[in-house]
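Take a look at the structure set out below.
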Amino acid sequence: MIILENIRMALQSLRTNPLRSVLTLTGIAVGIGAVLYVVILGEITQQRINERLESLGSNVLLIRPAYSRMRGVRTAASVINLKWDEAKEIKTTSDVITATVPTYTGQGVAEFKDQNWSTSVTGTTPEYETVNNDHPIEGRFFSEDELDRRARVCLLGATVHEKLFGNLSPIDESILINSKRFTVIGLLGSKGESWHNPDNQVFIPLTTAQERLYGVDYLSSILAQMRSAEDYDESLFDIETILRRNHRLRSDEDNDFRVRRQDLYLSTVRETNLEIANFVIIIALVSLIVGGIGVANVMLVTVTERTREIGIRRAIGAKKFHILTQFLVEAVILGIIGGILGIAGCMGFNYFITGNGLNIPLDWVGYSFIICSGIGSIAGLYPAVQAANKNVIDALRYE
Amino acid sequence: MLIEMNNVFKTYLLGEVKVPALHAISLNIEDNEYVAIMGPSGSGKSTLMNILGCLDTPTTGTYYLARKDVGSLNDNQLSDIRNTRIGFVFQTFNLLPRSSALHNVELPLIYSGMPSFKRKQLAMDVLERVGLNDRMMHKSNELSGGERQRVAIARALINKPSLILADEPTGNLDSKTGEEIIEIMQRLYEQGNTIILVTHEEYIAKQTNRIIRLRDGIIESDEKV
């Protein structure tokens, strides 16, 4: 009853001073919009990382070259010490490792007609498809035969596809990679972004990469698939034994390679991501608090300006409680309208960026409302108490 | 007896200094009296009106309004009394400038919690009684002084108060409009209302049936007209 009246009065008083109201609302809107957008970004990133984690499974190890250390001193760079034969040896020797995928990754420029795009070029073997659970969404992966023949065939990541072909199908088209002609045989699905963009890649047979494109005989990394995640220790032992022997490392020398569990690596990425997201949310919250201070400021001014109105209302029978709620409701309405504008603005911005404005988590829309009305009531409380406690006679005489 | 004031003192504190405003005021007013309060500025008229209107309470002494001891009431109870028993008419009208005449008149009923349709009807009736039926949707800052004062009178009447307090109701009006307002007051008195009116004008005071003159916080004279 009284609350409805209060809402009516609040809307009326906001209309009285439109510019001031809009400026105050904007403070809240920008604040909550920023918070909401950061939250959305964070959630989307988390979702993509989680999807990748699920697709990877927990039983893949990544072997990369590393600097070796001798008595704490870094020895010569040894990024060229991983060999394809070692990948084969690990697979055949170890009982717990079921597959190995050697890869060599270099930089390249892909060209199609008048489009060109700088990208990573990854040479690998057909096992890559099953071990990484990364199947082409169109076309096919290359075969053992093509690997043996050093065939000039390639699969495109989603970004490369989009940059070179837009929406068109790339299959059977001919593109240039570092000025050498390749036939596109497959298109890989988008994996989403994390640190680097895994979609900005072209996959070609390892032999083609090593011999035709880059002229190298070493690898960038080896993926080793374990029989199960419990075989980690034994897998690690096997890998270390083989690689240390091949690299002729003395017992006092550290490994000149590193073995990482892919899932653990991504977990770290996820945690770091979460930390960054939380930090940015805090910054966004600060702007929301500034918006709240704006509301408090405007409410204080309003209360002073309307001293006489307060006096009139009190003289004809309004209780302190009525005055208190009137101004509190006004501040909360400022907060809520600001919240609505902020959410709408956030959706608009999101639409502008991603082409889909509505993929905003609903629970966060709810939280935004609660946060905005909360800020409104906190910001309005002190001015409202001031208003309610004004001396009636003085307020009536106020000019 | 509507009003019984007994030995009322009111003292204001201005910093460290005590300023006496009312000095041993004793006053009885019956139902359906029409009383004028007169006196030079600083005589305590406003203070007396504030206490009579339950906007303020005596420092010492007792004030009974319709047998209720006003001095013992808390802020909420005083608000209730102002809301249901007293109608104010001010020199400066004291309307909400950006609200319609109708909204101004129904305002006291909002605070007494009457449902919207009921109080709208009542407000329209009262506005008709003061001759403003065609201007009730106008905002009060679009009305003339006389019209504003009639809105204020309508607002004072809406709760069927026991007591109408008019503080120089013609003070901001030209004499012709002032007379119209005094006529309305006269009519309200004849309809059975109790009215206390502060005025500087002898000819207005002469139309009431009792004149109380104040000087330096003391009742100087109190005589029937």
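To find a chain, count down the sequence lines: A is the first, B the second, and so on, and within it residues start at 1. All figures in this text were calculated on a predicted structure; none of them were measured in a lab. Atoms considered below: every heavy atom in the structure, side chains included; atoms not considered: hydrogens, waters and symmetry mates.
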Fill in: Verdict with reasoning, B/T92 to A/R308, per side chain to side chain donor-acceptor pair (under 3.5 Å)
CA-CA 11 Å; B/T92 50; A/R308 195 173 179 116; 2.7 Å; yes
Bottom line for B/I81: the part with an atom under 4.5 Å from chain A's heavy atoms is neither
Decide yes or no for A/R314 and B/D75: does some side-chain heavy atom of the first lie under 4.5 Å from some side-chain heavy atom of the second? yes
Requested in this report: Check whether more than 12 heavy atoms from other residues, nucleotides or ligands sit under 6.0 Å from atom CZ of B/R215, and answer yes or no.
Outcome: no
> Within a reach of under 6.0 Å around NZ of B/K120, are more than 12 heavy atoms found that belong to other residues, nucleotides or ligands?
Replying inline: yes
Okay, A/E399 and chain B: the region with an atom under 4.5 Å from a heavy atom over there is neither
Highest number of heavy-atom pairs under 4.5 Å with chain A among B/G53, B/S99, B/C54 belongs to B/S99
message: A/L396 vs B/F90, test: side chain to side chain contact (heavy atoms under 4.5 Å, CB included). Steps then yes/no.
response: CA-CA 10 Å; A/L396 265 176; B/F90 299 96; 3.9 Å; yes
Interatomic distance, CD1@A/I316 vs CZ@B/R82, rounded to 0.5 Å, equals 10.0 Å
Note: A/A318 and B/S79 closest approach over all heavy atoms is O-OG, 3.5 Å
Practice prompt. For B/F9, look at atom CZ and say whether over 12 heavy atoms of other residues, nucleotides or ligands are found less than 6.0 Å away.
Written response: yes
d(A/R8 CZ, B/I110 CD1) to nearest 0.5 Å is 6.5 Å
_Is it true that, when you exclude A/R306 itself, more than 12 heavy atoms of the residues, nucleotides or ligands shown sit nearer than 6.0 Å to its CZ?_
yes
- Look at atom OH of B/Y12 and say whether more than 12 heavy atoms of other residues, nucleotides or ligands are closer to it than 6.0 Å. yes
Rounded to the nearest 0.5 Å, the CD1 atom of A/I393 sits from the OG1 atom of B/T47 at a distance of 8.0 Å
task: Give a yes or no answer on whether the side chain of B/N94 reaches the backbone of A/I312 with a donor-acceptor pair at less than 3.5 Å.
output: no
For A/T16, is there any backbone N or O sitting under 3.5 Å from a side-chain donor or acceptor partner on B/R98?
no
Okay, A/R397 and chain B: the region with an atom under 4.5 Å from a heavy atom over there is side chain
When A/H322, A/K319, A/R313 are each screened for side-chain hydrogen bond (donor to acceptor under 3.5 Å, both in side chains) with B/Y111, the one that passes is A/R313
